[in-house]
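This one's a predicted model, so the numbers in the text were calculated from it and none came from an experiment.
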Amino acid sequence: MQHPHLSSKLPNVGTTIFTVMSQLAAEHGAINLSQGFPDFSPPERLMDLVEKFMREGMNQYAPMMGVPALREQIAGKVNRLYGAQADPDREITVTSGATEALFVAIQASVQRGDEVIVFDPAYDSYVPAIELAGGVPVHLPLLPPDYAIDFDRLSHALSSRTQMVIINSPHNPTGSVLSPDDLGQLAELLEGTDTLLLSDEVYEHIVFDGMEHASCLSIPALRERSFGVSSFGKTYHNTGWKVGYCVAPPRLTEEFRKVHQYVTFATTTPMQYALAEFMEDASHYLELGDFYAAKRDHFRSGLEKSRFDILPCRGTYFQLLGYDRISERPDTEMGRWLTEEIGVAAIPVSVFYRDRTDTRVLRFCFAKDEFTLNRATAKLKAL
């Protein structure tokens, strides 16, 4: 029997590393600090509100751009935190997770042959989305220990072919954070160009040590060319709900929604209503940085006398650990060995680089309860 031929549109893409490592952790009964999700529940009241709205009949399609009450709450938050006015009807779109928003922004903006600048190590959804749009990823490295943007290198990479620059702050997987000065430099480099900015800000509320999140929305010169993407999953410990959003100027939002309506059309309805009511009290996201700082500090303190090198972590719920003093294994082998033999799963950072740069660093998620973190650090400290 002859089978039809199908040429892959993503020939170099396999199963995502997050799935691979989570499956490996499950197979070996390892503590899963690889995939970035909490092992504790969302706020109780938020879950009660979902049930309330389900029972009140909010179970059919939501408006394509999102429930009005939720878009209004997002606009209020953006204004409160970043001093930016965002029109709920013309500039805010609720999506089925931030990954959908990232994908849609790229599909709406990038055409065949366009260049898109990506900073490695990079979240693994960016490049496949660029390639599916026919774009050309241009990779610029972020190097340890600070993983800071080299603006001279960025300046040389920008050209008339650059359609988009993608930034991510707080940064997954490194935990670095862009400052207002960094965004100011970026605005200067993009001034006078038609280059768009895709700003992945899903960890916007998880910033530590007295720092404040610097958003593309807070700088008018960037705001006018930006898709600002965020995630309720990271903020409210409910990654499985898959609710995110995009804030962009009307001309960009119009193109964004053209694609969004044919990707998911609408996002789960009762969750949107529940989030809208829960956001009336801003205390949760305003206190989130302190909440996760305590977890970061607890995880780091448990490793103080270990042979791991504890790299800086200024945001997100990920901690990078160097293992030069423990092993010379490549990080992919070290990640597998750590899972299978030691019982703790982590992500090798080389997979986030196009050229698989290996600095013998692993990424660990500390969005876990204290019992889980204590078990993990005890195993790691014994190495």
Side-chain angles (χ1 to χ4, degrees), residues 8 10-39 99 120-128 139 141-145 147 168 171-176 239-240 295-296 299-300 302-313 316-369 371-383:
S8 175
L10 294 171
N12 300 317
V13 172
T15 303
T16 173
I17 187 65
F18 308 112
T19 298
V20 170
M21 295 308 297
S22 287
Q23 288 179 345
L24 193 65
E27 289 170 12
H28 293 272
I31 301 167
N32 189 0
L33 302 189
S34 59
Q35 195 168 0
F37 61 86
D39 68 350
T99 299
D120 288 352
Y123 179 54
D124 68 350
S125 81
Y126 302 157
V127 169
H139 296 262
L142 306 174
L143 298 174
Y147 296 96
N168 174 208
H171 187 263
N172 175 18
T174 71
S176 64
T239 60
K295 292 188 175 295
R296 175 201 63 171
F299 184 64
R300 290 164 67 98
L303 296 169
E304 279 180 356
K305 296 181 180 179
S306 74
R307 291 194 292 160
F308 284 98
D309 295 313
I310 304 173
L311 277 67
C313 173
T316 75
Y317 44 54
F318 301 115
Q319 174 66 58
L320 296 188
L321 300 178
Y323 61 86
D324 264 333
R325 292 182 290 165
I326 299 171
S327 174
E328 294 183 353
R329 291 182 177 92
D331 66 355
T332 51
E333 291 183 17
M334 185 65 175
R336 179 171 288 274
W337 177 81
L338 203 65
T339 304
E340 295 176 347
E341 302 298 329
I342 306 303
V344 180
I347 298 288
V349 172
S350 69
V351 302
F352 296 97
Y353 285 94
R354 176 197 57 170
D355 61 4
R356 295 299 187 257
T357 298
D358 186 354
T359 54
R360 294 201 186 107
V361 173
L362 299 172
R363 190 200 78 172
F364 296 79
C365 175
F366 55 80
K368 311 297 177 183
D369 64 31
F371 176 73
T372 302
L373 294 178
N374 288 344
R375 289 174 58 223
T377 53
K379 290 175 178 287
L380 296 172
K381 192 155 74 170
L383 293 176

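The main-chain N or O of F308 is found under 3.5 Å from a side-chain atom of R325 such that the two form a donor-acceptor pair.
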Query raised in the report: Can V127 and R354 be said to form a side-chain contact (heavy atoms from CB on, under 4.5 Å), step by step?
Result: CA-CA 9 Å; V127 169; R354 176 197 57 170; over 6 Å; no
Query - side-chain contact (heavy atoms from CB on, under 4.5 Å) evaluation trace for L383 with L338 - result: CA-CA 10 Å; L383 293 176; L338 203 65; 3.6 Å; yes
Report task. Begin with the C-alpha distance, continue with both residues' side-chain angles, and end with the deciding distance and a verdict on side-chain contact (heavy atoms from CB on, under 4.5 Å) for D331 and Y323. Result -> CA-CA 9 Å; D331 66 355; Y323 61 86; 3.4 Å; yes
Report task. Test I326 against M334 for side-chain contact (heavy atoms from CB on, under 4.5 Å), laying out the working first. Result -> CA-CA 10 Å; I326 299 171; M334 185 65 175; 4.0 Å; yes
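When all heavy atoms of N172 and N168 are compared, the pair lying nearest together is N-OD1, 3.0 Å. Taking each heavy atom of G175 and T316 in turn, the nearest pair found is CA-OG1, 3.8 Å. The two residues G36 and R363 have their closest heavy-atom pair at N-NH2, 3.8 Å. Between L320 and P173, the closest heavy-atom pair is CD2-O, 3.3 Å. The two residues A30 and A345 come nearest to each other via the heavy atoms CB-N, 4.3 Å. For P38 against T239, the heavy-atom pair with the smallest separation is CD-CG2, 4.1 Å.
Take E340 and apply the salt bridge (charged side-chain N to carboxylate O under 4.0 Å, His left out) test, not counting sequence neighbours, and it matches R336. Among residues two or more places apart in sequence or in another chain, the side-chain contact (heavy atoms from CB on, under 4.5 Å) test is passed with T372 by I31, L33, D39, K368, D369. For the side-chain contact (heavy atoms from CB on, under 4.5 Å) test, residues two or more places apart in sequence or in another chain that qualify with P128 are L10, V13. Residues passing the side chain to side chain donor-acceptor pair (under 3.5 Å) test with N12: none are found, sequence neighbours excluded. With sequence neighbours excluded, the residues forming a side-chain contact (heavy atoms from CB on, under 4.5 Å) with P145 are P312, listed by chain and number.
Looking at S306 and E304, their side chains never come closer than 4.5 Å, going by heavy atoms from C-beta outward. No side-chain heavy atom of K295 sits under 4.5 Å from any side-chain heavy atom of Y317. By the 4.5 Å heavy-atom criterion applied to side chains, L380 and L303 are counted as neighbours. Put simply, the side chain of L311 does not reach to within 4.5 Å of the side chain of T174, judged on heavy atoms. Here the side chains of R300 and C313 are in contact, with some heavy-atom distance below 4.5 Å. Residues D120 and T357 form no side-chain contact, since every pair of their non-hydrogen atoms from C-beta on lies 4.5 Å or further apart. Residues I347 and F318 fail the side-chain proximity criterion, which asks for heavy atoms closer than 4.5 Å. Side-chain contact check for H171 versus L142: some heavy-atom pair is nearer than 4.5 Å.
Rounding to the nearest 0.5 Å places CZ of F366 at 7.0 Å from CZ of R296. To the nearest 0.5 angstrom, L321 atom CG is 6.5 Å from I310 atom CD1.
Ring geometry, F352 versus F18: the interplanar angle falls from 30° to 60°, so the pair is classed tilted.
Listed by first and then second residue, the side-chain hydrogen bond (donor to acceptor under 3.5 Å, both in side chains) pairs involving residues 18-28 are S22-N32, S22-Q35 (not counting sequence neighbours).
Between R360 and D324 there is a salt bridge, since a side-chain N of the basic residue sits under 4.0 Å from a carboxylate O of the acidic one.
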